[in-house]
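Before any comments, here is the structure.
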Number of protein chains: 2
Amino acid sequence: MQTRQTRRYHHGDLRAALLTRAEETLREKGPAALSLRELARDLGVSHAAPSRHFKDKQALLDALGQVGFERLGETLTASQEAVGEPFADRLGALARAYVGFATGNAELLDLMFSIKHDPEASEALVRASRNMSTLAIRLIGEGQRRGEVRPGPVDSIALPLFTTLHGFASIAASGPLPSQTPDTDLENVIAFTLRGCAPDTPARDDQSRTPPR
Amino acid sequence: MQTRQTRRYHHGDLRAALLTRAEETLREKGPAALSLRELARDLGVSHAAPSRHFKDKQALLDALGQVGFERLGETLTASQEAVGEPFADRLGALARAYVGFATGNAELLDLMFSIKHDPEASEALVRASRNMSTLAIRLIGEGQRRGEVRPGPVDSIALPLFTTLHGFASIAASGPLPSQTPDTDLENVIAFTLRGCAPDTPARDDQSRTPPR
DNA sequence: ACCTGAACACCGTTCAAGT
DNA sequence: ACCTGAACACCGTTCAAGT
């Protein structure tokens with residue numbers, strides 16, 4: 001009766017338990033304090049047990065990064081659901097979601113983007129990180145159809161857009177900015193990005209300009 | 001005579017030697033391979049010797065980050081010397097210099113920006129990193145005086161500008177971008193940034209537009 | 001299949017002791 | 001002042017062995 005009901009401590013999902021605990025200690029004590037042996041200790045298994053699920057410490061870190069990318073992807077996707085159609089609204093929601101994730105998961109974001117993108121990196125990791133840029137591409141495409149984003153190859157706008165958001169998010173996450181007003185900073189970045197995306201003759205306020213030829 | 005001329009192995013500048021060697025192994029073998037004991041071995045001193053110069057491994061990493069910021073500052077400053085006055089030229093030179101540094105010193109850049117910006121972090125480190133943003137501020141101020149950058153608080157433009165460059169540089173450094181054409185990517189980012197900075201009525205090519213009121 | 005225990009080579013840090 | 005040698009507690013990884 002002990003084999004069926006009393007599987008005693010953790011079994012079936014030591015892998016998941018390792019990832020969960022790893023994320024906790026990453027958040028609470030930083031990346032330097034992340035050790036396989038301590039993880040095993042916390043979970044009450046022998047120090048060699050993790051090797052059944054992750055061949056390497058790096059393999060665990062990669063898996064953690066993958067979780068991070070998947071969760072970031074979900075967060076960004078969700079940000080587009082309760083928001084209006086105008087491009088400015090969608091971009092604002094995306095930017096706020098990205099920055100919110102970055103400041104709420106600073107150590108994880110750092111880990112995600114410091115993973116070596118070797119050709120040999122886990123395919124799932126690569127897929128998860130690419131999924132994110134797809135979102136930016138969709139956003140730009142839609143903005144162009146609405147005439148709120150200047151025409152041109154989607155990538156030539158989506159990549160700068162993404163790097164701007166990512167740059168601000170990662171700097172905001174890695175320490176207080178020189179400026180003491182993070183909210184204003186974010187609004188400035190959003191406004192800057194909107195200008196970078198806008199058509200040559202802004203359609204928003206001023207109708208007295210000459211229309212594009 | 002041995003105390004004056006034959007100081008034997010390294011002495012006077014073990015500290016500098018440690019930093020130099022640390023940067024080499026960081027570049028060649030990555031941050032995970034950076035160990036105080038191996039550094040000491042490489043330099044022919046005992047494994048306890050480094051502690052005379054850096055109280056901690058973290059103290060060495062902070063010092064390494066500081067030299068990184070100083071060198072990046074010099075690189076960016078130098079990029080402004082042999083370039084014309086127009087804002088677009090200056091920005092282009094700055095962006096290319098930043099990305100060049102990032103791709104040429106990927107591991108170091110990563111280390112620089114993953115340093116915890118505690119209030120207790122070395123003052124020199126903080127100063128070195130602030131120096132950089134001063135450059136962006138000067139650039140924007142000058143662009144505004146020339147009428148090539150839209151008016152407004154300098155910070156509201158300088159910060160987005162900086163985050164855009166940094167975001168692209170750090171992504172470009174941390175692995176090949178999805179796109180296979182890094183040069184075009186950089187040009188796209190520069191063009192995007194210029195639009196973000198530009199006055200409402202672009203002064204560049206098309207003179208048939210209505211001038212600003 | 002999943003885990004344990006022991007073993008190995010490597011760490012960072014500290015501290016008495018040497019010169 | 002600057003460095004050594006030994007010691008301590010901690011790693012990651014491997015591998016025979018258990019259930």
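Every chain is numbered from 1, with letters handed out A, B, ... down the list of sequences.
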Length of the line joining A/Phe54:CZ and C/dC2:C1', which is rounded to integer Å: 15 Å
Atom CG of A/Leu14 and atom C1' of C/dT4 are separated, to the nearest Å, by 13 Å
Of A/Glu24, A/Glu23, A/Glu38, the residue whose pairing with A/Lys29 passes salt bridge (charged side-chain N to carboxylate O under 4.0 Å, His left out): A/Glu38
Check whether B/Gln144 reaches the backbone of B/Gly152 with its side chain - one donor and one acceptor, N or O, closer than 3.5 Å. yes
Please determine if a side-chain N or O atom of A/Arg52 lies less than 4.0 Å away from the OP1 or OP2 oxygen of D/dT14. no
Hey, does the side chain of B/Arg41 come within less than 4.0 Å of C/dC11's phosphate (OP1/OP2), counting only N and O? yes
Dump the intermediate steps for ring pair (Phe, Tyr, Trp, His ring centres under 6.0 Å) on B/Phe69 and B/Phe113, then the final yes or no. CA-CA 10 Å; B/Phe69 276 116; B/Phe113 281 93; 5.4 Å; yes
Starting the side chain at C-beta, find the nucleotide from C/dT13, D/dG12, C/dT4 nearest to A/Ala48. C/dT4
Please tell me which of the listed nucleotides, D/dT14, D/dT13, C/dC3, lies nearest to the side chain of A/Ala49? C/dC3
What is the distance, rounded to the nearest whole Å, between atom CG of A/Asp42 and atom P of D/dC10? 13 Å
Per nearest nucleotide of DNA chain C, the residue lying toward the 5' end, B/Gln58 or A/Ser46, is A/Ser46
Applying a 3.5 Å limit to both distances, which nucleotide forms a Watson-Crick or G-U wobble pair with C/dT19? D/dA1
For A/Arg37 and C/dT4, give me the distance from atom CZ to atom P, rounded to whole Å. 13 Å
Under 3.5 Å, side chain of A/Arg15 to main-chain N/O of A/Phe54, donor-acceptor pair present? no
Take atom CG of B/Asp56 and atom C1' of C/dG12, then tell me their distance rounded to the nearest Å. 9 Å
Selection from C/dT13, D/dC11, C/dC3 that lies nearest to any side-chain heavy atom of A/Ser35: D/dC11
Can you tell me how far P of C/dC3 sits from NZ of A/Lys55, to the nearest Å? 19 Å
Considering only heavy atoms and no angle criterion, is a donor-acceptor pair shorter than 3.5 Å present between the side chain of A/His47 and the base of C/dA6? yes
Taken to the nearest whole Å, NZ/B/Lys29 to C1'/C/dC10 is 13 Å
With a 3.5 Å limit on both atom pairs, tell me what D/dT14 is paired to, counting Watson-Crick and G-U wobble, or say none. C/dA6
Let me know the distance between CG of A/Leu34 and P of D/dC10, rounded to the nearest Å. 17 Å
With no hydrogens and no angle check, is any side-chain donor or acceptor of B/Gln80 less than 3.5 Å from a backbone partner on B/Arg90? yes
